[in-house]
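In what follows, a single structure is set out as structure tokens and then discussed.
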Amino acid sequence: MYLSKGKELKRNRLANYFLLALLLVTVFTQSLRASSILIPMDADTQENHLKAYGITYWILTKQQKVQWLLNYRGGAFLLPDAEVIRRECQIRGVTFEVLTDGQTQAILDEISSPARNQEAVILEKAPKIAVYSPLNKQPWDDAVTMALTYAEIPYITVYDEEVLGDKLVLYDWLHLHHEDFTGQYGKFYGAYRAAPWYIQGKKDAEALAVQLGYNKVSEEKRDVALKIRNYVIGGGFMFAMCSATDSFDIALAAEGVDICEPMFDGDASDPNYQSKLNFSKTFAFKDFTLERNPLRYEFSSIDMTTQRGNVPKESDYFSLMDFSAKWDPVPTMLCQNHTSLVKGFMGQTTAFNKDEVKPTVLVLGENKINGEARYIHGIKGKGFFTFYGGHDPEDYQHRVGDPKTELELHPNSPGYRLILNNVLFPAARKKKQKT
């Protein structure tokens with residue numbers, strides 16, 4: 001049976017309309033299909049900022065890339081969409097939003113605008129993390145290990161044996177636990193020399209030094225500091241808090257100089273040792289004066305702890321600096337937060353004298369009332385370092401023997417976020433820094 005020419009044309013036209021409609025429905029459906037997961041990091045939306053870093057790290061371990069949206073909703077993370085990722089966010093209590101292709105592209109277009117101080121940085125590989133810490137820690141807790149544990153980010157503990165054995169090359173990121181690299185046992189002699197933990201810690205340190213072939217703890221710690229220096233110069237990322245910041249630089253400046261009094265190393269210090277310091281060897285600090293009194297709980301003029309009389313606890317905040325996300329993504333990454341004001345906190349080394357910070361070092365956070373740097377960052381050779389003053393961002397004045405901070409009570413801590421910014425920093429695809 002044959003159709004007339006008109007009827008055949010009509011049937012073909014209807015078929016074409018049907019195909020076109022089907023195509024439009026398909027395109028529309030694809031545009032609605034979820035393509036990404038957004039983890040917002042702003043103050044009003046995210047229920048658990050700290051766990052969000054752990055989710056991001058976990059995805060990187062699955063060989064998947066993440067985009068860190070700098071200055072967009074508090075430094076949000078853009079993840080690939082998958083049911084297993086949604087479920088993991090729900091298990092860990094992390095707020096997330098499911099985006100379509102169109103929504104994702106609209107956000108990226110907005111961020112790429114030259115008029116916006118925002119940038120999308122690709123995170124490519126989960127960094128291997130090491131924490132430099134003794135097995136028999138003295139009676140205090142370390143904020144970084146608590147942050148890593150709470151965020152569910154794995155790490156390996158290393159100490160002097162591994163450092164001197166050139167094992168740091170196995171790791172991308174190294175944190176220095178509350179440590180004294182000068183061999184003066186944390187300058188706790190004045191208040192705690194009769195305490196059992198101090199006596200035992202001194203014995204253990206001396207035994208380890210002998211085991212490793214050294215006559216003095218100060219000499220062994222100096223070589224540990226030099227190994228860490230070489231690790232950074234070779235391309236490593238180093239993060240330090242509290243006394244591990246200034247004591248590290250002091251050890252470098254004092255290479256070959258005995259700055260320890262007899263109660264620390266059994267013999268007298270070098271005459272006029274202050275004049276023998278070499279500030280060209282340090283990472284961050286210059287022109288500082290060492291504290292000669294062994295009874296004083298202080299290393300040098302770098303620390304501002306004793307100069308904070310005009311900083312009451314109620315108004316002790318430091319402000320994060322504002323950098324260009326497109327031109328200076330590195331400091332911008334390190335300052336990502338849901339607030340530009342961070343609550344201050346004390347430590348053996350609370351903050352840094354800005355006059356003694358080298359001009360090549362970036363100040364990322366400062367207390368303007370007292371003119372002090374709280375959070376600094378620099379480049380050494382092929383690597384990077386960050387120094388963060390204070391002991392515990394959620395314990396204003398942590399004392400020996402105080403209970404540890406329970407991060408379940410502080411899942412949105414801005415101070416702890418700065419630590420975790422540094423943990424993810426090595427995962428970023430590197431761009432040349434302009435500053």
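These figures come from a predicted structure and were not determined experimentally.
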Strictly by modelled atom types, are Y416 and D392 linked by a side-chain donor-acceptor pair under 3.5 Å?
yes
Keeping to residues at least two apart or across chains, list the salt bridge (charged side-chain N to carboxylate O under 4.0 Å, His left out) pairs with something in residues 191-200.
none
Plane angle bin for W197 and Y192 - parallel if under 30°, tilted between 30 and 60°, otherwise perpendicular:
tilted
With distance as the sole test, does Q46 use its side chain to make a donor-acceptor pair with the main-chain N or O of N48 at under 3.5 Å?
yes
Would you kindly say whether S243 and K187 are connected by a side-chain donor-acceptor distance under 3.5 Å?
no
Pairwise distance CE(M321) to NE2(H377) - rounded to 0.5 angstrom
14.0 Å
Do we get R222 above Y214's six-membered ring, with its NZ or CZ under 6.0 Å from the centre and within 45° of the axis?
no
F239 meets the ring-ring contact (aromatic ring centres under 6.0 Å, His included) criterion, sequence neighbours left out, with W173, H175
Report yes if the side chains of C335 and F323 come closer than 4.5 Å at any heavy-atom pair, otherwise no.
yes
Side-chain donor-acceptor contacts of residues 339-346 below 3.5 Å, not counting sequence neighbours, with atom names and distances?
| from | atom 1 | to | atom 2 | distance (Å) |
| --- | --- | --- | --- | --- |
| T339 | OG1 | L341 | N | 3.2 |
| T339 | OG1 | L341 | O | 3.1 |
| K343 | NZ | E394 | OE1 | 3.2 |

In chain order, what residues pass the side-chain contact (heavy atoms from CB on, under 4.5 Å) check against P294, with sequence neighbours excluded?
E261, M263, F264
Within residues 168-178 or reaching into it, pairs that qualify as salt bridge (charged side-chain N to carboxylate O under 4.0 Å, His left out) - sequence neighbours excluded
none
Please verify the inter-ring angle class for Y297 with F188; under 30° counts as parallel, over 60° as perpendicular, anything in between as tilted.
tilted
Sorted by first residue and then second, give each side-chain hydrogen bond (donor to acceptor under 3.5 Å, both in side chains) pair with at least one member in residues 244-257; sequence neighbours left out.
D246-T349, E255-K281
D204 side chain to Q200 side chain, donor-acceptor N/O pair below 3.5 angstrom:
yes
A76 and L38: which non-hydrogen atoms are nearest, and at how many Å?
CB-CD1, 3.9 Å
Does A191 have any side-chain contact (heavy atoms from CB on, under 4.5 Å) partners at least two apart in sequence or in another chain, and if so, which?
none
May I ask you to test the L174-V158 pair for a side-chain heavy-atom distance under 4.5 Å?
yes
For the OH atom on Y159, are there more than 12 heavy atoms of other groups (residues, nucleotides or ligands in this structure) within a distance under 6.0 Å?
yes
Tell me every residue that passes side-chain contact (heavy atoms from CB on, under 4.5 Å) with N272, counting only those two or more places apart in sequence or in another chain.
S275
Within the 3.5 Å criterion, strictly below it, is a donor on N71 or Q336 matched to an acceptor on the partner's side chain?
yes
Between T332 and S324, is there a side-chain heavy-atom distance shorter than 4.5 Å?
no
With distance as the sole test, does N370 use its side chain to make a donor-acceptor pair with the main-chain N or O of E372 at under 3.5 Å?
no
Any side-chain heavy-atom pair of F425 and P127 under 4.5 Å
no
Give every residue pair that meets the salt bridge (charged side-chain N to carboxylate O under 4.0 Å, His left out) criterion with at least one member in residues 405-421, sequence neighbours excluded.
none
Does any part of the side chain of F387, heavy atoms only, come nearer than 4.5 Å to the side chain of V361, both counted from C-beta?
no
Would you say the side-chain atoms of S413 pair up with the backbone N or O of H410, donor to acceptor, closer than 3.5 Å?
no
Is it true that a side-chain atom of Y171 and a backbone atom of V131 form a donor plus acceptor pair closer than 3.5 Å?
no
Can you list every salt bridge (charged side-chain N to carboxylate O under 4.0 Å, His left out) pair that touches residues 267-278, not counting sequence neighbours?
K216-D267
State, without any angle test, whether H49 and N412 hold a side-chain donor-acceptor pair at a distance under 3.5 Å.
yes
If you count heavy atoms of other groups shown closer than 6.0 angstrom to NZ of K167, is the number above 12?
no
Taking atom CG of L123 and atom CH2 of W68, what is their separation to the nearest 0.5 Å?
6.5 Å
Closer than 3.5 angstrom, by distance alone: can the side chain of Q348 be matched with the main-chain N or O of G186 as a donor-acceptor pair?
yes
Check whether D81 reaches the backbone of S35 with its side chain - one donor and one acceptor, N or O, closer than 3.5 Å.
no
Sequence neighbours excluded, the answer for side-chain contact (heavy atoms from CB on, under 4.5 Å) partners of E47 is T95
Quick one: do the S301 and E356 side chains pair a donor with an acceptor below 3.5 Å?
yes
dist D160:CG -> K227:NZ (nearest 0.5 Å) comes out at 12.5 Å
Apply ring-ring contact (aromatic ring centres under 6.0 Å, His included) to Y375 and list each qualifying residue two or more places apart in sequence or on a separate chain.
Y388
Non-hydrogen side-chain atoms of F279 and D287 separated by less than 4.5 Å
yes
